[in-house]
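Accompanying notes for the structure given below.
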Amino acid sequence: AKDVGSGETTYSNYDKKIAEDAKNWILNRNIDDKPWVLFVSFVCPHFPLIAPEEFYNMYPVNEVPWPMLYDEKQRSQHPYYKAMRNCMNYDNYFDEDKVRKATAAYFGLCSFLDHNIGIVLNALENSKFKNNTNVIYTSDHGDALGMRGMWGKSTMFEESAGIPMIIKGPDIPKSKKSKTPVSLVDIFPTVIDSLGLEKNDNDYNLPGKSLLEISKEKDNYQRIVLSEYHAAGSPVGAFMLRKGKYKYTYFAEGYEPQLFDLENDQFETNDLSKNPQHQKILDEFYTDLTNICDPESVNIRA
């Protein structure tokens, strides 16, 4: 909270350099007889919430939206998330002024990210590779940004676990939005597919599927994707499954599960897990999870 606002950080300076290095790599590459992969990893937006001044000033502090579900009475009372808030207790140090400055800084960092991505894509557009290159844009996680009184990642709510996944290229359907659930495990087979490489024998049993294939198929709304978390702040392991309109989260060591209907409850405020009418769905999800892993033994190992 003390640091939020405008200015330069080692992260923003790093991202500026990465954008410039990526641009130069593309424009100076002469080898065009074999496929290549360029992985460009930007840090922002990331704590500290300090945005370069020109981007911070794009979002007047008194006009940024207030975090959703921020009121104490609206915050999740599930013991897992109460423990998370007690550990990652950033919000204890925020007042209204700091909340608004932090939000403006985060928005500014997102625009700073857009600017840096633009530098890379403009270089590609001005290169000889513009018509035969696939581009994937994604992220490792989202951020709560004050929602439910939390400021980081590490939860299974959509604001944290949901990520962008955009791919464009010469053979990708234009302007199509697929309803098939996807996750980061799909990136590896997508890269292999884009390069025209054969799978290694050890890769056939991996859970991912190429986005090139998914983009050309009918939507498979029932496809299952998994997310799990065992790191900082978590009292126990958390395992989330997304299938159809539902999201199911299993917590190890006897913590009660959660179930949300994302079609009718976009912001996950109505936990259906206590409703007897949904017991069959809970049982099906637990079976789906145990078909992937033994969550309790994974929790112990983590």
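Model, not experiment: these values are computed from the prediction.
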Joint hydrophobic cluster, I163 plus Y106, side-chain heavy atoms closer than 4.5 Å:
no

Is there a donor in the side chain of N291 and an acceptor in the side chain of T287, or the other way round, less than 3.5 Å apart?
no

Among all residues two or more places apart in sequence or in another chain, which pass the side-chain contact (heavy atoms from CB on, under 4.5 Å) test with A302?
H230

In the hydrophobic clustering (ILVMFWY, side-chain contacts below 4.5 Å, transitive), which residues join L124, or is it alone?
Y11, Y14, I18, W25, I26, W36, L38, V40, F42, V43, L113, I117, V120, L121, F129, V135, Y137, I166

Residue pairs passing the ring-ring contact (aromatic ring centres under 6.0 Å, His included) test where at least one lies in residues 177-208, sequence neighbours excluded:
none

Quick note, ring-ring contact (aromatic ring centres under 6.0 Å, His included) partners involving residues 149-174, not counting sequence neighbours, are Y81-F157, F94-W151

Which other residues end up in the same hydrophobic cluster as M147, if Ile, Leu, Val, Met, Phe, Trp and Tyr are linked when side-chain heavy atoms come under 4.5 Å apart?
M68, L69, F267

Salt bridge check: are R100 and E63 linked by an N-O gap of less than 4.0 Å?
no

Check for me, please, whether L49 and V64 land in the same ILVMFWY cluster - side-chain distances under 4.5 Å, paths through other members count.
yes

Among side-chain atoms of S154 and Y229, is any donor-acceptor pair under 3.5 angstrom?
yes

Residue pairs passing the salt bridge (Lys or Arg N to Asp or Glu O under 4.0 Å) test with at least one member in residues 19-30, sequence neighbours excluded, are K17-D21, E20-K23

For residues 284-293, pull every pair meeting salt bridge (Lys or Arg N to Asp or Glu O under 4.0 Å), keeping only residues two or more places apart or in separate chains.
K243-D288

Measure the spacing between NZ of K216 and OG of S178 and express it to the nearest 0.5 Å.
13.5 Å

Is there a side-chain contact between Q258 and S76, using heavy atoms and a 4.5 Å cut-off?
yes

So if you build clusters from Ile, Leu, Val, Met, Phe, Trp, Tyr with side-chain heavy-atom gaps below 4.5 Å, do F112 and M58 land together?
yes

Cluster membership besides I50, Ile/Leu/Val/Met/Phe/Trp/Tyr side chains within less than 4.5 angstrom, sorted by chain and number, is none

Not counting sequence neighbours, which residues clear side-chain contact (heavy atoms from CB on, under 4.5 Å) with N13? List them please.
E8, K16

Qualifying salt bridge (Lys or Arg N to Asp or Glu O under 4.0 Å) pairs, either residue in residues 199-214, two or more places apart
K209-E217

If we only count heavy atoms from C-beta on, is the M84 to R148 side-chain gap below 4.5 Å?
no

Okay, side chain of N200, backbone of N202: is any donor-acceptor separation there less than 3.5 Å?
yes

Output the rest of the hydrophobic cluster of F239: all Ile, Leu, Val, Met, Phe, Trp and Tyr residues reachable through side-chain heavy-atom contacts under 4.5 Å, sorted by chain and number.
I224, L226, L241, Y246, Y248, Y250, L259, L272, I281, L282, F285, Y286, L289, I292, V298

Treat each ILVMFWY residue as a node, draw an edge where side-chain heavy atoms are under 4.5 Å apart, and state whether I172 and V37 are in one component.
yes

Answer whether the closest heavy-atom distance between the side chains of L262 and E268 falls below 4.5 Å.
yes

Around Q266, counting heavy atoms of other residues, nucleotides and ligands shown, do more than 12 lie under 6.0 Å from its CD?
no

To the nearest 0.5 Å, how far apart are NE2 in H141 and OG1 in T155?
11.0 Å

Between R75 and D91, is the closest basic N to carboxylate O distance under 4.0 Å?
yes

Can S194 and N134 be counted as having a side-chain donor-acceptor contact under 3.5 angstrom?
yes

Keeping to residues at least two apart or across chains, list the salt bridge (Lys or Arg N to Asp or Glu O under 4.0 Å) pairs with something in residues 223-239.
D186-R223

